[in-house]
Amino acid sequence: MSISTPGGPERRPTVVSTGKKPAAGRPASGAKAASGKPAGSPRAGGKGPRKPVTPVKVSQGRAWGPIALFVAVGVLAAGIIGYGAWASFQGSKPWDKRANAIDGIVNIRKSDPDSLKYEAHKSGPLTWNYSPPVGGVHNAAWQNCMGDVYDAPIANEHAVHSLEHGAVWITYRPDLPQDQIDKLAGKVRGVEKMLMSPYEGLDKPISLQAWGYQLKVDNADDKRIDEFIKDLRVNASVEGPTALCNTGITATGTTPRELQQQPTQ
């Protein structure tokens with residue numbers, strides 16, 4: 001059996017009051033606050049809702065200080081690496097190539113090789129094409145070249161033999177200032193295959209000799225002096241690095257030793 005609703009307009013459900021009131025301060029279910037805002041939105045204490053805080057953007061300029069420092073360090077590092085590579089390359093060159101690169105050096109081995117030739121040791125005073133001599137004929141006895149600093153001239157005949165053994169011979173004008181002489185002596189004293197002595201008639205204050213090479217400079221502070229010594233000491237030896245520099249003549253005087261020892265008539 002079907003149950004029909006009484007005819008007429010649709011009836012709304014009757015709301016039955018229970019007689020209970022909403023708790024104090026709490027709106028009835030589904031009700032809105034007097035302000036029209038949803039219930040529960042006000043903050044405790046009666047304050048309104050917190051507004052979102054918008055981040056403040058601070059405009060900052062580019063930090064040039066650290067960038068400049070970084071660039072400077074990079075340039076310095078690149079320079080150090082580059083110099084190291086260049087020095088390594090220079091050091092890998094043959095000694096004669098390095099010597100020929102010294103500004104102002106005279107390479108007699110190339111320009112006048114015949115002046116360096118000799119067949120045997122000779123006694124007595126000898127002559128050369130260059131002053132001081134840089135090689136060629138010489139006496140059988142060599143001048144001691146174990147870092148010897150002679151305060152008086154020595155015989156060319158003995159000094160050239162020292163060059164043959166790989167020594168570098170530093171000569172200077174007798175009137176060279178003492179501080180300059182001391183600087184030269186500091187490069188020589190105690191160093192094997194080195195000797196030094198005053199020399200009359202030089203056209204430059206200082207002249208350096210190795211077998212077949214010569215360099216003349218104006219003062220003892222010239223950096224080429226160290227380059228000459230580094231590249232040619234021992235390397236320029238005709239008889240090899242084992243040729244002796246000790247047990248040689250230690251006497252000064254421009255006359256060959258065998259003549260000095262002869263009794264006077």
Engineer: Do Lys187 and Ile225 have side-chain heavy atoms sitting under 4.5 Å apart?
Structural biologist: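 The answer is yes; the side chains approach within 4.5 Å.
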Engineer: By ring pair (Phe, Tyr, Trp, His ring centres under 6.0 Å), which residues pair with His165, not counting sequence neighbours?
Structural biologist: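 Applying ring pair (Phe, Tyr, Trp, His ring centres under 6.0 Å) to His165 gives Trp142, His161.
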Engineer: If you round to the nearest 0.5 Å, how far is OG of Ser237 from NZ of Lys193?
Structural biologist: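 Rounded to the nearest 0.5 Å, the NZ-OG separation comes to 5.5 Å.
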Engineer: What salt bridge (charged side-chain N to carboxylate O under 4.0 Å, His left out) pairs are there with at least one residue in residues 227-237, not counting sequence neighbours?
Structural biologist: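 Passing the test, one end in residues 227-237: Arg98-Asp231.
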Engineer: Testing the basics here: between Tyr213 and Ile105, what is the closest heavy-atom pair and its distance to 0.1 Å?
Structural biologist: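 For Tyr213 versus Ile105, the nearest heavy atoms are CD2-CD1, 3.9 Å.
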Engineer: Between Leu163 and Pro133, what is the shortest heavy-atom contact and its length?
Structural biologist: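 Between these two residues, the closest heavy atoms are CD1-O, 3.8 Å.
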Engineer: Run the ring pair (Phe, Tyr, Trp, His ring centres under 6.0 Å) test against Tyr118 and tell me which residues pass, sequence neighbours left out.
Structural biologist: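 Ring pair (Phe, Tyr, Trp, His ring centres under 6.0 Å) list for Tyr118, sorted by chain: His138.
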Engineer: Could you list all the side-chain hydrogen bond (donor to acceptor under 3.5 Å, both in side chains) pairs where at least one residue sits in residues 244-254, not counting sequence neighbours?
Structural biologist: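 Every pair satisfying side-chain hydrogen bond (donor to acceptor under 3.5 Å, both in side chains) with a residue in residues 244-254: there are none.
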Engineer: For the residue pair Lys216 and Val106, establish whether any side-chain heavy-atom pair is separated by less than 4.5 Å.
Structural biologist: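 SC-SC contact between Lys216 and Val106 ruled out.
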Engineer: Does Arg109 reach the side chain of Leu116, with side-chain heavy atoms less than 4.5 Å apart?
Structural biologist: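 Result yes, sub-4.5 Å side-chain heavy-atom pair found.
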Engineer: Can you tell me how far the CG atom of Asn139 sits from the CD1 atom of Ile249, to the nearest 0.5 Å?
Structural biologist: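 Reported value, rounded in 0.5 Å steps: 7.5 Å.
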Engineer: Roughly how far, to the nearest 0.5 Å, is the SG atom of Cys145 from the CD1 atom of Ile154?
Structural biologist: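 One finds 9.5 Å between CD1 of Ile154 and SG of Cys145.
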Engineer: Go through the steps for Val137 and Glu157 under the test side chain to side chain contact (heavy atoms under 4.5 Å, CB included), then give the verdict.
Structural biologist: CA-CA 8 Å; Val137 65; Glu157 290 78 4; over 6 Å; no
Engineer: Are Glu164 and Ser162 linked by a side-chain donor-acceptor pair shorter than 3.5 Å?
Structural biologist: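 Ser162 and Glu164 do not have a side-chain donor-acceptor pair below 3.5 Å.
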Engineer: Check step by step if side chain to side chain contact (heavy atoms under 4.5 Å, CB included) holds for Trp128 and Val160.
Structural biologist: CA-CA 10 Å; Trp128 296 268; Val160 172; 4.1 Å; yes
Engineer: Is it true that Asn156 and Tyr199 share a donor-acceptor pair across their side chains at a distance under 3.5 Å?
Structural biologist: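 Judged by distance alone, the side chains do pair up.
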Engineer: With rounding to the nearest 0.5 angstrom, report the CG to CH2 distance, Asn100 to Trp95.
Structural biologist: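 With rounding to 0.5 Å, CG (Asn100) is 8.5 Å from CH2 (Trp95).
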Engineer: In terms of hydrophobic clustering (I, L, V, M, F, W, Y; side-chain heavy atoms under 4.5 Å; direct or indirect links), are Val134 and Ile229 co-clustered?
Structural biologist: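 In one cluster: no.
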Engineer: Do Asp96 and Asn235 come close enough that some side-chain heavy atom pair is under 4.5 Å?
Structural biologist: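 Asp96 vs Asn235: side chains apart.
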Engineer: Between the side chain of His158 and the main-chain N/O of Arg257, is any donor-acceptor distance below 3.5 Å?
Structural biologist: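 Present.
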Engineer: Calculate, to the nearest 0.5 Å, the distance between atoms CD and CG belonging to Glu239 and Leu244 respectively.
Structural biologist: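 One gets 9.0 Å once the value is rounded to the nearest 0.5 Å.
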Engineer: Find out whether Tyr130 and Ile108 are in side-chain contact, i.e. whether some heavy atom of one side chain is under 4.5 Å from a heavy atom of the other.
Structural biologist: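 When only atoms from C-beta onward are counted, Ile108 and Tyr130 do touch, with a gap below 4.5 Å.
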Engineer: Write out all pairs satisfying salt bridge (charged side-chain N to carboxylate O under 4.0 Å, His left out) with one or both partners inside residues 110-119, taking only residues at least two apart or from two chains.
Structural biologist: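 The answer is Asp114-Lys117.
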Engineer: Locate the shortest heavy-atom distance separating Leu232 from Ala210; write the atom from each residue and the value.
Structural biologist: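 In terms of heavy atoms, the two residues are closest at CB-CB, 3.9 Å.
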Engineer: Determine yes or no for a side-chain-to-main-chain donor-acceptor pair under 3.5 angstrom, with Asp148 supplying the side chain and Met146 the backbone.
Structural biologist: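 Pair found, side chain donor or acceptor close to backbone of Met146.
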Engineer: For the residue pair Ile181 and Met196, establish whether any side-chain heavy-atom pair is separated by less than 4.5 Å.
Structural biologist: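 Heavy-atom side-chain distance check passes, below 4.5 Å.
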Engineer: Are Val188 and Val217 linked, directly or through intermediate hydrophobic residues, by side-chain heavy-atom contacts shorter than 4.5 Å (ILVMFWY only)?
Structural biologist: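 Shared cluster, yes.
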Engineer: Does Leu208 reach the side chain of Tyr172, with side-chain heavy atoms less than 4.5 Å apart?
Structural biologist: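 With C-beta onward as the side chain, the pair stays apart.
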Engineer: What I'd like to find out is whether the side chain of Pro174 reaches to under 4.5 Å of the side chain of Glu200, using heavy atoms alone.
Structural biologist: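 Answer yes - side chains close enough.
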Engineer: I'd like to know whether Ser197 forms a side-chain hydrogen bond (donor to acceptor under 3.5 Å, both in side chains) with Trp169, so could you lay out the CA-CA distance, the side-chain angles of the two residues, the decisive distance to 0.1 Å, and finally the verdict.
Structural biologist: CA-CA 8 Å; Ser197 66; Trp169 177 26; 3.1 Å; yes
Engineer: What I want to find out is whether Arg224 reaches Asp222 closely enough, with some N-O distance under 4.0 Å, to be called a salt bridge.
Structural biologist: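 The answer is yes: the pair qualifies as a salt bridge.
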Engineer: Between atom SG of Cys245 and atom CG of Leu195, what is the distance when rounded to the nearest 0.5 Å?
Structural biologist: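 These two atoms lie 7.5 Å from each other.
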Engineer: Please evaluate residues Lys204 and Asp218 with respect to the criterion side chain to side chain contact (heavy atoms under 4.5 Å, CB included), reporting the C-alpha separation (whole Å), side-chain torsions for both, the decisive distance (0.1 Å), and the verdict.
Structural biologist: CA-CA 6 Å; Lys204 285 276 190 177; Asp218 292 319; 3.3 Å; yes
Engineer: Counting only heavy atoms not in Asp151, do more than 12 fall under 6.0 Å of its CG?
Structural biologist: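 No, CG of Asp151 has 12 or fewer neighbouring heavy atoms, counting only those of other groups under 6.0 Å.
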Engineer: Check side-chain contact (heavy atoms from CB on, under 4.5 Å) between Ala220 and all other residues, then give those that pass, not counting sequence neighbours.
Structural biologist: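 Applying side-chain contact (heavy atoms from CB on, under 4.5 Å) to Ala220 gives Gln180, Lys183, Leu184, Ile206.
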